[in-house]
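Labels below follow one simple rule: chain letters A, B, ... track the order of the sequence lines, proteins then strands, and each chain is numbered from 1. Quick caveat: nothing in here was measured; it's all calculated off a predicted structure.
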Amino acid sequence: MSSAFLTTPIYYVNAQPHLGHAYTTIAADTYARHMRQRGEDVFFLTGTDEHGDKNARVAAELGMTPQDFVDRNSAAFRRMTDDVLATPDFFIRTTDPGHIAYVQDFLQALKDNGHVYEGVYEGLYCTGCEAFYKEDDLVDGLCPDHGTKPEWLQESNWFFRLSAFEAPLLAHYDANPGFVSPASRFNEARSFIQGGLEDVSLSRASIDWGVPLPWAPEQTCYVWFDALLNYRSAMSYARPDEDLAPRYWPPRWQLLAKDILKFHAVIWPAMLMGAGMALPERLMIHGYLTVRDAKMSKSVGNVLDPFAVIDAYGVDALRYYLLRDVRFGGDGGISYEAVHERYHAELANDLGNLVNRVVAMVGKYTDGRVPAGACDPAITAAVETAREAVGRHTGEMELTEALEAAWEVVRALNRFVEERAPWTLAKDPGRADELADVLYTLADGTRACAVLLAAFLPVSAPRILAAVGAGDALGWDEATAGRLAAGAAVAGEGPLFPRVEEPLGGAPS
RNA sequence: GGCGGCGUAGCUCAGUUGGUUAGAGCAGCGGAAUCAUAAUCCGCGUGUCGUAGGUUCGAGUCCUACCGCCGCUACCA
């Protein structure tokens, strides 16, 4: 049994969970569920990033301790994870004692290996923000938040010798063309490295809410170093009685949005190199969900509220829509109107109605029992083709393509119904054998669809199996024609995807 | 400014290493069928493949210029 470790970024708790967070989590969960179907030993990690000055400041404004503040906000992300039916094997928090201890050990190792040195960070500092600014970020030379003139300040920091990893990183990129997907992101990261790397500071002197450096406790670890290490620290304490690293490290896939590419594709692998650890096998960089006909907006999360979609259409609809309407990896426009259209055209009409009509025909023509019959060769072949394609595409994180491949079977089955017209066969007692073959093919093919789609539609797939009397066998071996037992009792329980009258939304503010 | 990418049917997009009549889904129009959530199935597209040149026996697919759009150009989570 092979192992598959995959991660989402850990989400910064200063914001409320929104569509972007849900998107990454849903994609990762789909992969995790699929690989579990295939019998792999999966470890799916997600969680929250909780240190940093911003949290401390907001907590103070609210009259809370930083810990109380991040406890509250982390819980919201935990709920989001549950709401989209994600199934992480561990939900990490960077305030976990186990994580903090690991970060300190890792930094010490990095220093012992000679990759850390003391230096001076200089820059324009706003005392109101307690943060450094670059000249480009200033407005007329003044702090954009406070309108005050920042002062030139020096701060003693500890630095990570990132520049030393320029050549090793390039070598790694050249030896592993699949390291970053899609290829355009690979090129972007590689050319950034080739353009020359500067050392980066890994500590802050003025921020208390963070992990103290073991050798200089008056400084705290820069939040990005802290955050990136979650992927590795989880291995050390997620299971109190087991070091998971030998079993799962390195990650097979790390998912992230394009805005945090550099941290993951440059600094993170360099950190691991510095500690002598294996690098993640592949990074999957997905794009932004944008509002149709509008520029990218920070408020996109509010423009399409994932929780409203779940309430109106169900969680499977949200998962399906996001992975289907926007090619995974690229940017794409989304809208409530498009949710509404795809829900009805594909989930309700193509798939839901297929299940409904198959159950109805078995009920009407063979007394609710799937007759013994032979699978139609064309459907058998379609299932086999889809099984290969869905497996291959999902493995490559081509989740949109995987859905398209599965849908070929749905379409083939609807076509098959029309071609064979069971209602005509049922009128002729002499064609009972033919009717049996057709109904068996339909019930079994519908069952196979559910298996193919189980990772994408975790609520609906088991319902489909129940509807055609297939029990609960969702293993990947079941994604083959002819596995349905003759005599199975169908059980229609109403529309799988009931029609929704009014689309959500209207004009967002 | 530098590096990179994009611009294909009304809409969203596919189009391997250049090669016969440029494709899919949706929408639209016409038809069939009635098992089904009026859900399905079949048929229908004269598209200057951004513009102008070039290479080639042959280019959406390579080269040049131009127009338009976008991404990256480092630590402020």
Side-chain angles (χ1 to χ4, degrees), chain A residues 9-15 48-55 94 121 123-126 129-134 137 145 157 159-160 162 183-185 187-204 207 209-210 222-227 258-263 266-267 287-288 292-293 295-296 324-327 330-333 338 341-342 344-365 400-401 404 407 411 413-426 438-439 442 492 494-500:
Chain A
I10 49 174
Y11 304 120
Y12 197 61
V13 293
N14 192 46
T48 47
D49 179 14
E50 307 186 4
H51 287 129
D53 189 48
K54 197 171 277 187
N55 287 328
T94 55
Y121 186 89
L124 292 163
Y125 186 84
C126 171
C129 300
E130 297 182 19
F132 284 93
Y133 280 95
K134 301 191 67 175
D137 297 328
D145 287 346
N157 282 152
F159 282 74
F160 173 53
L162 182 63
S184 55
R185 299 296 168 198
N187 294 334
E188 190 177 311
R190 192 189 179 286
S191 59
F192 178 80
I193 296 165
Q194 195 162 31
L197 297 178
E198 295 173 15
D199 295 340
V200 293
S201 62
L202 59 66
S203 72
R204 291 294 132 93
I207 292 170
W209 183 239
Y222 172 48
V223 283
W224 261 112
F225 278 75
D226 176 4
K258 62 184 185 179
D259 56 331
I260 51 177
L261 170 67
K262 261 180 304 184
F263 297 102
V266 180
I267 296 178
Y288 285 147
R292 288 256 162 97
D293 300 324
K295 300 275 186 190
M296 174 57 203
R324 179 66 187 80
D325 203 35
V326 177
R327 190 163 298 276
D331 291 348
E341 283 174 21
R342 284 207 185 270
H344 289 97
E346 295 171 10
L347 291 177
N349 297 353
D350 289 346
L351 179 60
N353 185 54
L354 171 68
V355 175
N356 213 31
R357 69 200 304 207
V358 168
V359 167
M361 287 188 283
V362 171
K364 195 169 290 189
Y365 304 143
T400 307
E401 288 84 346
E404 287 173 346
W407 229 253
R411 290 201 162 98
L413 288 167
N414 274 319
R415 212 177 300 131
F416 186 74
V417 174
E418 303 298 327
E419 287 168 355
R420 306 301 292 271
W423 48 91
T424 302
L425 300 177
V438 169
L439 292 183
L442 287 171
L496 210 54
F497 302 102
R499 306 192 76 75
V500 176

In B/S/- notation (B base, S sugar-phosphate only, - none; protein heavy atoms under 4.0 Å), nucleotides 25-30 of chain B written 5' to 3' is S-----
Does B:A36 have OP1 or OP2 sitting under 4.0 Å from an N or O in the side chain of A:Lys364?
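Yes, A:Lys364 has a side-chain N/O under 4.0 Å of OP1/OP2 on B:A36.
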Would you say A:Arg357 places a side-chain N or O within less than 4.0 Å of OP1 or OP2 belonging to B:U37?
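No, A:Arg357 has no side-chain N/O under 4.0 Å of OP1/OP2 on B:U37.
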When the [atom1] atoms of [M] and [N] are compared, how many Å lie between them, rounded to an integer?
{"N": "B:G15", "M": "B:U8", "atom1": "C1'", "result": "9 Å"}
{"N": "B:A59", "M": "B:A14", "atom1": "P", "result": "24 Å"}
{"N": "B:U46", "M": "B:C42", "atom1": "C1'", "result": "24 Å"}
{"N": "B:G4", "M": "B:G45", "atom1": "P", "result": "41 Å"}
{"N": "B:G10", "M": "B:A27", "atom1": "C1'", "result": "8 Å"}
{"N": "B:U64", "M": "B:C69", "atom1": "P", "result": "22 Å"}
{"N": "B:G1", "M": "B:C66", "atom1": "P", "result": "11 Å"}
{"N": "B:G53", "M": "B:C72", "atom1": "C1'", "result": "31 Å"}

Side chains of [X] and [Y]: does their closest heavy-atom pair fall under 4.5 Å?
{"X": "A:Phe497", "Y": "A:Asn349", "result": "no"}
{"X": "A:Glu50", "Y": "A:Ile10", "result": "no"}
{"X": "A:His51", "Y": "A:Ile207", "result": "no"}

May I ask you to decide if A:Val13's main-chain N or O and A:Asn55's side chain share a donor-acceptor pair within less than 3.5 Å?
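Not at all, since once roles are kept as given, no pair shorter than 3.5 Å links the two residues.
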Counting N and O atoms only, with roles assigned by atom type, does the side chain of A:Asp49 sit under 3.5 Å from a partner on the main chain of A:Tyr11, one being a donor and the other an acceptor?
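No: the side chain of A:Asp49 does not pair with the backbone of A:Tyr11.
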Closest listed nucleotide, where the reference is the side chain of [X] and the choices are [options]:
{"X": "A:Asn356", "options": "B:U37, B:C35, B:C42", "result": "B:U37"}
{"X": "A:Asn414", "options": "B:U40, B:U37, B:U34", "result": "B:U40"}
{"X": "A:Asn349", "options": "B:C35, B:C72, B:A39", "result": "B:A39"}
{"X": "A:Arg499", "options": "B:A39, B:C35, B:C72", "result": "B:A39"}
{"X": "A:Ala360", "options": "B:C35, B:C13, B:G71", "result": "B:C35"}

NA contact type, [X], heavy-atom cut-off 4.0 Å: base, sugar-phosphate, or nothing?
{"X": "A:Leu496", "answer": "base"}
{"X": "A:Phe263", "answer": "sugar-phosphate"}
{"X": "A:Phe160", "answer": "nothing"}
{"X": "A:Glu188", "answer": "sugar-phosphate"}
{"X": "A:Gly287", "answer": "nothing"}
{"X": "A:Leu354", "answer": "nothing"}
{"X": "A:Leu197", "answer": "base"}
{"X": "A:Ser184", "answer": "nothing"}
{"X": "A:Arg185", "answer": "sugar-phosphate"}

To the nearest 0.5 Å, what is the distance between [atom1] ([X]) and [atom2] ([Y])?
{"X": "A:Leu442", "Y": "A:Leu354", "atom1": "CG", "atom2": "CG", "value": "7.0 Å"}
{"X": "A:Asn157", "Y": "A:Tyr121", "atom1": "CG", "atom2": "OH", "value": "8.5 Å"}
{"X": "A:Met361", "Y": "A:Asn356", "atom1": "CE", "atom2": "CG", "value": "10.0 Å"}

Without decimals, in angstroms, what is the distance between [X] [atom1] and [N] [atom2]?
{"X": "A:Lys258", "N": "B:C72", "atom1": "NZ", "atom2": "C1'", "value": "10 Å"}
{"X": "A:Phe497", "N": "B:A36", "atom1": "CZ", "atom2": "C1'", "value": "15 Å"}
{"X": "A:Arg420", "N": "B:C42", "atom1": "CZ", "atom2": "C1'", "value": "18 Å"}
{"X": "A:Phe159", "N": "B:A74", "atom1": "CZ", "atom2": "C1'", "value": "13 Å"}
{"X": "A:Arg415", "N": "B:C35", "atom1": "CZ", "atom2": "C1'", "value": "18 Å"}
{"X": "A:Gln194", "N": "B:C3", "atom1": "CD", "atom2": "P", "value": "13 Å"}
{"X": "A:Leu351", "N": "B:U40", "atom1": "CG", "atom2": "P", "value": "12 Å"}
{"X": "A:Glu418", "N": "B:A39", "atom1": "CD", "atom2": "C1'", "value": "10 Å"}

Tell me the closest heavy-atom pair linking [X] and [Y], and the distance in Å.
{"X": "A:Val417", "Y": "A:Pro422", "value": "O-CD, 3.5 Å"}
{"X": "A:Tyr12", "Y": "A:Lys54", "value": "OH-CB, 3.8 Å"}
{"X": "A:Asp331", "Y": "A:Tyr288", "value": "OD1-N, 2.8 Å"}

First of A:His344 and A:Leu202 reached from the 5' end of RNA chain B, by closest nucleotide:
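Its nearest nucleotide being more 5', the pick is A:His344.
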Is there a donor and acceptor pair, one atom on the side chain of A:Asn353 and one on the base of B:A36, closer than 3.5 Å?
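In this structure, the two groups form a donor-acceptor pair.
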Pair A:Glu418 + A:Arg415, salt bridge at N-O below 4.0 Å:
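Salt bridge flag = no for A:Arg415 with A:Glu418.
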Mind checking which stems touch RNA chain B? I mean at least 3 consecutive Watson-Crick or G-U pairs, both distances under 3.5 Å.
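Stems (3+ consecutive pairs) listed as B:1-7 with B:67-73, B:10-13 with B:23-26, B:28-32 with B:40-44, B:50-54 with B:62-66.
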